[in-house]
Amino acid sequence: MINKVVNNADEAIADIPDNATLMLGGFGLCGIPENCIAALVKKGVKGLTCISNNAGVDDFGIGLMLKTRQVKKMISSYVGENAEFERQLLSGELEVDLIPQGTLAERIRAGGAGIPAFYTPAGFGTEVAEGKEVREFNGKMYLLESWLQADFAIVKAWKGDKAGNLIFKGTARNFNPMMATAGKITIAEVEELVEVGELDPNHIHTPGIFVQRIFQGVNYEKRIEQRTTKIK
Amino acid sequence: MINKVVNNADEAIADIPDNATLMLGGFGLCGIPENCIAALVKKGVKGLTCISNNAGVDDFGIGLMLKTRQVKKMISSYVGENAEFERQLLSGELEVDLIPQGTLAERIRAGGAGIPAFYTPAGFGTEVAEGKEVREFNGKMYLLESWLQADFAIVKAWKGDKAGNLIFKGTARNFNPMMATAGKITIAEVEELVEVGELDPNHIHTPGIFVQRIFQGVNYEKRIEQRTTKIK
Amino acid sequence: MPLDKIGIAKRIAQEVQDGTYINLGIGIPTLVANFIPEHINVVLQSENGLLGIGPFPEEEEVDADLINAGKQTVTTLPGSSLFSSAESFAMIRGGHVDLTILGAMEVSENGDIANWKIPGKMVKGMGGAMDLVASAENIIVAMQHRSRSGESKLLKECTLPITGIRCVKKIVTDLAVLDVLPEGGFKLLERAPGVSVEEIKEATSGRLIIEGEIPEMKLN
Amino acid sequence: MPLDKIGIAKRIAQEVQDGTYINLGIGIPTLVANFIPEHINVVLQSENGLLGIGPFPEEEEVDADLINAGKQTVTTLPGSSLFSSAESFAMIRGGHVDLTILGAMEVSENGDIANWKIPGKMVKGMGGAMDLVASAENIIVAMQHRSRSGESKLLKECTLPITGIRCVKKIVTDLAVLDVLPEGGFKLLERAPGVSVEEIKEATSGRLIIEGEIPEMKLN
């Protein structure tokens, strides 16, 4: 088996060049690759195109990379929690491609699954449809949407083994499994890295074939955006 | 919660009419809905269109329904283990639509996922491409393939709960999860039916939203086509 | 008197049918869950990958890895299942979710909805809203009848960039319950307690259809 | 002397590279797994939903719910994973499988392959073969050089319905190892032990390219 294990985030992202296209897993701040984001900020790589459902918050997640102006373009579905993002967008400093969330998820899955294009109803009749092929099936209108792929997909899992098999926890799964399939190089950071054979084959969410590099991350903050508890 | 639990296969398939389109899970004889197939034979429903990767063997699986001439049309990828099938096909008694296995799997997934059509490279330049739209993406040629849906999808799982959540075992998963999403009515037969809450939400392969009827099957034969053991 | 947010949520809760799967948007729709009667069993879907949203957690149960689409911490329930965003939207796009309840900035009389963008001002993105409105069989909008500046949000045509066309089936506002008719027009079904038909007429800029007596909403 | 099936499998096993993911077709390709050297670690994919195919089970381990694409009972290995057919072909179609080894009835000199149908005679279906040949980066064909009736199976053009076009990269037969050149033609690389270039010429109906000395295969 080729060794997929790297020591840490710095090593995992060492060869990501300026102007690369990255996918970054997570929904809000849930299930984001915290270690790799920190390493990308430290490395100072620039001109990135980031495909991620959200753009973090001002001082965490992808927000950290926006602050340092490392991101040239964001491809996201919802960026509402980030004032710096909105400022850069409205001022024209940041290119943004806003995509319906289901279309984003499916375009990434298609990228990993070798499907160059598919039809979806989301966005028909809206500005999302501008310039896109429209087609009727069984009396309903659909848009043609193309796959998304990335130079590097960076995902966060709960457990992983040295063969690259991944298991996610709770709703931290979100975009991570599809992104893992759609990177030319897929980097997985996990909370717990175990030996091959420790994960039940029937519980694995992402088969190791999709993962090229894996490491056990450290110091997960797991910030909560809307801490909401039961009213007593 | 609306009650999804039925007593047995007879009850589950009671309202399947002649000329219905069915999906039947399984790969070879692995993971097939044995109880429902027996009930369909007993009920004698006719003129069926069956979407299933294989057609069983002469005396088991869908082969039983071929023998009784209940099947008008098969939509499959590989039917090589069934002499009666081949006879009916070559004599023109049975309509057959042979589809590349990956295209079949993806068309069924698309049917459940609300994607009316997608592009795939499988079959380009072959007779499978006849009459289909062809399109080039990034220098490679693809065919446009449409979704598949069924009046009833009949699947077999290992464990299920009363809310319709399913867990499959080993390679008996195969076509079952996609088919579960693509039936107007989805019937699941399971080896073990448990109370709601007994399955770990993170281990569920098919969320209950896709399943309308569920029952615990009996007397699983689980026939093996190629029993192969280690040579000592 | 116009309803408050709780009132709107309570009225929408009456629309919820037993044994259904429901996606609740952020804001008032999320509140609806609190008012679904005990004997009505529904399963709530969260588009970030959870079917069977449980109540908010106790302080000591809070899990950063378990949130709803509004990024609030939640819990699972017996029978819950977890899945990826691609599977979640396969569920939505495939028509498996029976009812979507969401907020809106504008609704037109033919059922168009605008709720994702104010050009030059607010750019948050559409999130899952475009997928939801393009796919759900039944869509109920929860919103104020008028904007903060007093403009009607029930229009002949939307002025803001739209999220989806001809999709809204019913609207519950602080003033009224209205159906959006297939042939176009807002059909007034109920008035908020103490709100007159006249007030609703004034607050509605699109075509309002009033037939016979309009009853008051019944709220508990 | 022409190779037997075991010999073909042994020779193909030499093509297998460390750390790769491989899909083996039914027949000779399945035998290849037995001859991959100890120090070469590969992961075998079975398109019915298993990554990491283990050896055939002991009699008492046989599990009807664990089979390969040839419907043979198999086992899992440490590091194996299980998935649906849709995910399996997403893996294949997405180009994640490095090498596909499969049988053929005919291969043409531009790399077309026919292996699924004999009109009017044999109708078994293409199974996963069309997806595999349309998607894999590297495709090796394992077959006899001639049909049972003595006809060459390496042709200028396939006569049978084809499975995929311009996809075969290498062919290992009972007589020879050949590359299919991007510009067309079978380039002879090795002879089976004791088989002459002349014999291979005679058995090859498509364009055969012979440059310099053609070495004998080395088999253990």
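From a predicted model like this one, the values you see are computed outputs, not experimental measurements. The sequence lines fix the lettering, A, B, ..., with proteins before strands; numbering per chain opens at 1.
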**Q** For E106(B), is it the side chain, the backbone, both, or neither that has a heavy atom closer than 4.5 Å to a heavy atom of chain A?
**A** side chain
**Q** Does a sphere of radius 6.0 Å around CG in N219(A) hold more than 12 heavy atoms from other residues, nucleotides or ligands, not counting ones at 6.0 Å or beyond?
**A** no
**Q** Which distance, rounded to the nearest 0.5 Å, do you find between the NE2 of H205(B) and the NE2 of H205(A)?
**A** 7.5 Å
**Q** Check P121(B) against G114(A) and note the closest heavy-atom contact, atom names and distance.
**A** CD-O, 4.0 Å
**Q** Under 3.5 Å, side chain of H203(A) to main-chain N/O of N202(B), donor-acceptor pair present?
**A** no
**Q** Looking at I115(B), I167(B), L144(B), which has the largest count of heavy-atom pairs under 4.5 Å with chain A?
**A** I115(B)
**Q** Checking heavy atoms, do the side chain of N138(B), its backbone, both or neither come under 4.5 Å from chain A?
**A** side chain
**Q** Specify whether Y119(A) and Y119(B) have parallel, tilted or perpendicular ring planes, treating 30° as the upper limit for parallel and 60° as the lower limit for perpendicular.
**A** tilted
